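Note sheet for the following structure.
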Amino acid sequence: MKTRIISGVSYSLIIIAVMFFMNTAALPILMAFICGVAVYELNHVAKVKLPLAIPSIIVGAYIPLEIRYNFLEKIHVTPFAALAVYIIAMLIMMVKWHGEVKFEQVAISVLCSIAVPESLGCWIRINDLQLADERYTQANVVYLILFTIFCAWLTDMFAYFTGVFFGKHKMTPVVSPKKTWEGAIGGIVLTAALNVGLYFVFAKKFFPDGSFFLWDWWAVIPISLVLSVISIFGDLSASVIKRNYGVKDYGKLIPGHGGIMDRFDSTLFVFPIMYGILSIIETF
């Protein structure tokens with residue numbers, strides 16, 4: 001447990017440090033690294049052969065940079081055209097190495113290389129809202145990103161400790177034997193309480209008019225509950241994949257946690273949902 005806590009705090013500090021430089025290249029570069037490693041881990045777990053995994057990893061690492069800098073638009077190439085070329089290239093590789101590469105591996109590799117960076121890329125999209133809408137200040141986007149990260153990581157952390165002390169009823173005995181209903185409820189409730197506190201801190205210290213322009217403090221509770229529940233499903237989905245392939249962890253990059261996917265599995269679900277919530281609220 002000591003190793004898990006130390007490594008968790010260390011990686012959290014790195015993420016927090018990057019938040020001071022989110023408007024620089026630091027954020028897309030960090031996302032490119034995280035996505036590239038996550039795509040590698042998924043390919044490795046799914047036993048995707050190396051020739052096929054290489055373009056998958058490259059595309060996974062490239063997409064966060066594309067989200068921030070729009071390289072394709074600058075050379076007048078549409079995302080659909082780039083995607084078509086990528087898929088065709090992967091299918092050609094399947095023909096080339098038909099004895100080793102199966103279609104299922106192509107499908108897994110392509111899906112991972114697009115889904116992972118597009119999901120985590122919502123971190124960049126939320127941060128860059130300040131470039132498209134003057135209502136979003138730097139304080140606003142930092143608040144939204146911290147809110148989202150809290151729902152992903154604190155739900156897991158609080159659920160773990162609540163489950164250790166109070167857990168009796170297994171939530172998913174086969175998929176994730178250590179998860180309990182008591183732990184899940186504790187994680188969701190404690191995270192919502194902390195997010196309310198986060199709102200008041202930002203409202204008092206960083207929001208000019210004393211409140212967030214999209215919602216008041218009471219709205220934090222239902223939004224936090226939704227994101228925390230989604231984060232649990234993200235964690236469980238990643239666990240199902242590991243069960244399907246008979247592995248314990250996605251990697252060994254983070255001592256006590258496993259790989260990047262073991263740490264960012266819930267984040268992959270939470271950031272797109274937060275971005276969607278923002279879009280819905282702005283529509284109405």
Side-chain angles (χ1 to χ4, degrees), residues 4 8 11-12 15 30-31 34-46 60 63-64 108 111-126 144-163 170-181 183-192 194-195 222-245 247-251 253-254 256-280:
R4 180 183 177 90
Y11 273 81
S12 297
I15 296 296
L30 176 65
M31 290 296 105
I34 291 173
C35 292
V37 175
V39 172
Y40 164 77
E41 290 174 348
L42 285 164
N43 276 285
H44 181 70
V45 166
I63 288 178
I108 291 170
L111 175 63
C112 294
S113 65
I114 296 173
V116 170
E118 283 291 345
S119 294
L120 277 181
C122 288
W123 181 331
I124 300 174
R125 289 190 170 97
I126 291 173
L144 288 170
I145 290 167
L146 279 177
F147 186 164
T148 310
I149 291 174
F150 280 11
C151 289
W153 289 358
L154 293 185
T155 300
D156 181 52
M157 184 183 74
F158 287 142
Y160 174 78
F161 286 109
T162 306
K170 299 294 183 181
M171 188 176 182
T172 52
V174 176
V175 175
S176 188
K178 294 182 179 180
K179 282 186 169 51
T180 63
W181 284 105
I185 293 170
I188 292 168
V189 172
L190 290 173
T191 299
L194 200 63
N195 276 329
I223 295 173
S224 182
L225 294 177
V226 168
L227 293 179
S228 289
V229 170
I230 292 296
S231 77
I232 292 173
F233 277 103
D235 191 8
L236 291 174
S237 297
S239 296
V240 169
I241 294 173
K242 289 188 290 186
R243 290 284 177 182
N244 286 342
Y245 291 100
V247 298
K248 183 179 182 294
D249 295 317
Y250 282 99
L253 188 61
I254 309 176
H257 292 264
I260 287 290
M261 273 296 300
D262 293 291
R263 181 66 278 169
F264 284 86
D265 47 10
S266 56
T267 314
L268 290 172
F269 276 51
V270 171
F271 266 102
I273 297 300
M274 173 59 97
Y275 189 66
I277 289 173
L278 295 174
S279 301
I280 292 171

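Position 1 is the first residue of the sequence; numbering continues from there. Because the structure is predicted, anything quoted here is derived from the model rather than measured.
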Holding to side chain to side chain contact (heavy atoms under 4.5 Å, CB included), I want the full list of residues that pass it with [X], two or more places apart in sequence or in another chain.
X      : value
Ala38  : Val116, Ile260, Met261
Met31  : Leu27, Ile34, Pro64, Leu120, Trp123, Ile124
Leu190 : Phe158, Thr162
Ile108 : Ala46, Val48, Cys112, Tyr245

Taking atom [atom1] of [X] and atom [atom2] of [Y], what is their separation to the nearest 0.5 Å?
X      : Y      : atom1 : atom2 : answer
Cys35  : Leu30  : SG    : CG    : 9.0 Å
Ser279 : Tyr275 : OG    : OH    : 5.0 Å
Asp265 : Phe233 : CG    : CZ    : 14.0 Å
Ile230 : Phe271 : CD1   : CZ    : 14.5 Å
Ile145 : Cys122 : CD1   : SG    : 11.0 Å
Ser228 : Ile223 : OG    : CD1   : 11.5 Å

How far apart are the closest heavy atoms of [X] and [Y], and which atoms are they?
X      : Y      : result
Pro117 : Gly60  : CB-O, 3.3 Å
Val39  : Ser113 : CG2-CA, 3.9 Å
Met171 : Ala184 : SD-CB, 3.9 Å
Ser266 : Ala152 : OG-O, 3.3 Å

**Request:** May I ask you to decide if Lys248's main-chain N or O and Lys242's side chain share a donor-acceptor pair within less than 3.5 Å?
**Result:** yes
Which residues pass the side-chain hydrogen bond (donor to acceptor under 3.5 Å, both in side chains) test with [X], not counting sequence neighbours?
X      : answer
Ser231 : none
Thr148 : none
Thr191 : Thr155

Quick one: are [X] and [Y] in side-chain contact, heavy atoms under 4.5 Å?
X      : Y      : value
Leu227 : Phe269 : no
Met274 : Arg125 : no
Tyr40  : Tyr250 : no

Show which side-chain atoms of residues 174-181 pair as donor or acceptor with protein atoms under 3.5 Å away, not counting sequence neighbours.
| residue | atom | partner | partner atom | Å |
| --- | --- | --- | --- | --- |
| Lys179 | NZ | Asp235 | OD2 | 2.7 |
| Thr180 | OG1 | Gly183 | N | 3.0 |

**Request:** Would you please test Ile188 and Ile232 for side-chain contact (heavy atoms from CB on, under 4.5 Å) and show each step?
**Result:** CA-CA 9 Å; Ile188 292 168; Ile232 292 173; 3.9 Å; yes
**Request:** Determine, for Asp156 against Arg263, whether the closest basic-nitrogen to carboxylate-oxygen distance falls under 4.0 angstrom.
**Result:** yes
